[in-house]
Visitor: 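Take a look at the following structure, please.
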Amino acid sequence: MKVGRFLKISLILFFTCLCGWIGFILYNQNVHYQETRFLFDTEVSLEVNGWGAKSIGLQALNRMNEIDSKLDKFSKGSELDRINQAAGVKPVEVSDLTFEAIQQSIEVAEMTQGAFDPTIGPIMTLWGFGLEGQHRVPSAQEVEATLKLVDYRKVVLDQEKKTVFLAQKGMVLDLGGIAKGYAVDQAVSILRKNSITSALVSAGGNIFTIGQKSDNSPWQIGIRNPVAKGKVVGYVQMQNQDIDTSGDYEQFFWAEGKKYSHIMDPRTGYPVQGVSGSTVIVSQASQADALATAVFVLGAEKGLKLIDEVNGSGLVINSEGELFFSSKMKEIFKK
């Protein structure tokens, strides 16, 4: 009798503790949720704080997953692939998400006078970027011929019909310079619509912060040193803004003692030289993504002047490791 009674009490205590532990886990996920996925050929992660954090966070990640599937030019049958396949042939009807992402890319191309150009695809292929083991230095004649296919002004958008048309056969849209930022914007929109006031959304070098951390301290973002692996040059504290960094340390190859990175100047058809990193902080993630590329292409003087004009913060690091700041970045940058 005593043994049976002891076992019964033990079981009750065990299940009470188990239920309490499960409840604690479920509650914790409902107010603090973190997850990382592999999208856009990089790590995408988010940290959400607030009631309903898990379900809202999953909505945001699923939207990012949807955008990745639509804007992947290497995925056969994706909306971007269908646009490229129909270049010079016919307009292609697309979803609102794809249309808006392309529309925003054209707006930044116009703003930067082509320093950022979403039709850079043929040049990327010519140099072998995105093609495993096929990096090469093309001839000047090849570059000149391929450059004829790079021109954002030949992208025809029909707002009413939601169609996209590449006016010349052989043109290729490549949204690698804006897709991650656009996806971050979409995720942030979902979080905000669901009353989340504390979160961090990250896609590669693109990071958006909402409010403050769960302990009410500011989000602190380090800026990678492109010429010293594993180190940062400094950090910034951010709230309700996006930061994006472009660098020559992720995708590159060496040929005859010279380094060639994947960041191309759409005006020349050659990889940018002399710059190793560029960082931009603005309120819109897609704009930060594209402008970080444009600033890298334009260089410190012209690039940072552009960032001042859009009321953002910017930093350029040259290949010798020298730092150049926009006026606003000087105020917030901490070594």
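Because only heavy atoms are used, hydrogens play no part in the values below, and waters and symmetry mates are left out as well, while side chains stay in. Remember, it's a predicted structure, so these values are computed and weren't measured experimentally.
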Visitor: Taking atom CD of Q168 as the centre, does the number of heavy atoms from other residues, nucleotides or ligands within less than 6.0 Å exceed 12?
Guide: yes
Visitor: With respect to E47, which candidate in K213, Q34, H32 satisfies the side-chain contact (heavy atoms from CB on, under 4.5 Å) definition?
Guide: Q34
Visitor: Run the salt-bridge test on D308 and K328 with the 4.0 Å N-O cut-off and return the result as yes or no.
Guide: no
Visitor: Is it the case that more than 12 heavy atoms not belonging to E35 sit under 6.0 Å from its CD atom?
Guide: yes
Visitor: Do we get K330 above F325's six-membered ring, with its NZ or CZ under 6.0 Å from the centre and within 45° of the axis?
Guide: no
Visitor: Dump the intermediate steps for side-chain contact (heavy atoms from CB on, under 4.5 Å) on I67 and Q186, then the final yes or no.
Guide: CA-CA 9 Å; I67 293 168; Q186 288 293 310; 3.5 Å; yes
Visitor: Might you confirm whether atom CG of N240 has over 12 heavy atoms from other residues, nucleotides or ligands at distances under 6.0 Å?
Guide: yes
Visitor: Under the 6.0 Å and 45° cation-pi test, does K162 pair with F99?
Guide: yes
Visitor: I need the minimum non-hydrogen distance between V184 and A203, along with the two atoms involved.
Guide: CG2-CB, 3.8 Å
Visitor: May I ask you to check whether H135 and F129 place their ring centres under 6.0 Å from each other?
Guide: yes
Visitor: Under the rule for side chain to side chain donor-acceptor pair (under 3.5 Å), what residues qualify as partners of S217, not counting sequence neighbours?
Guide: D215
Visitor: Consider only side-chain N and O atoms of Q104 and S286, and report whether a donor and an acceptor are under 3.5 Å apart.
Guide: yes
Visitor: Identify the heavy atoms of A294 and F116 that sit nearest to each other, and give their distance.
Guide: CB-CB, 4.0 Å
Visitor: Heavy-atom count check: over 12 atoms from other residues, nucleotides or ligands less than 6.0 Å from K259 NZ?
Guide: yes
Visitor: What do you reckon, is CD of Q273 surrounded by more than 12 foreign heavy atoms closer than 6.0 Å?
Guide: yes
Visitor: Mark yes when over 12 heavy atoms from residues, nucleotides or ligands other than E301 sit less than 6.0 Å from its CD; otherwise mark no.
Guide: no
Visitor: Under 3.5 Å, is there a donor-acceptor pair linking the side chains of S313 and S326?
Guide: no
Visitor: Within the 3.5 Å criterion, strictly below it, is a donor on S261 or D248 matched to an acceptor on the partner's side chain?
Guide: no
Visitor: For the pair E79 and K73, find out whether any cationic side-chain nitrogen is under 4.0 Å from an anionic carboxylate oxygen.
Guide: no
Visitor: Quick one: closest heavy-atom pair of T119 and Y152, and the distance?
Guide: OG1-N, 3.6 Å
Visitor: Ignoring hydrogens and geometry beyond distance, is a side-chain donor-acceptor pair present between E100 and Y182 at under 3.5 Å?
Guide: yes
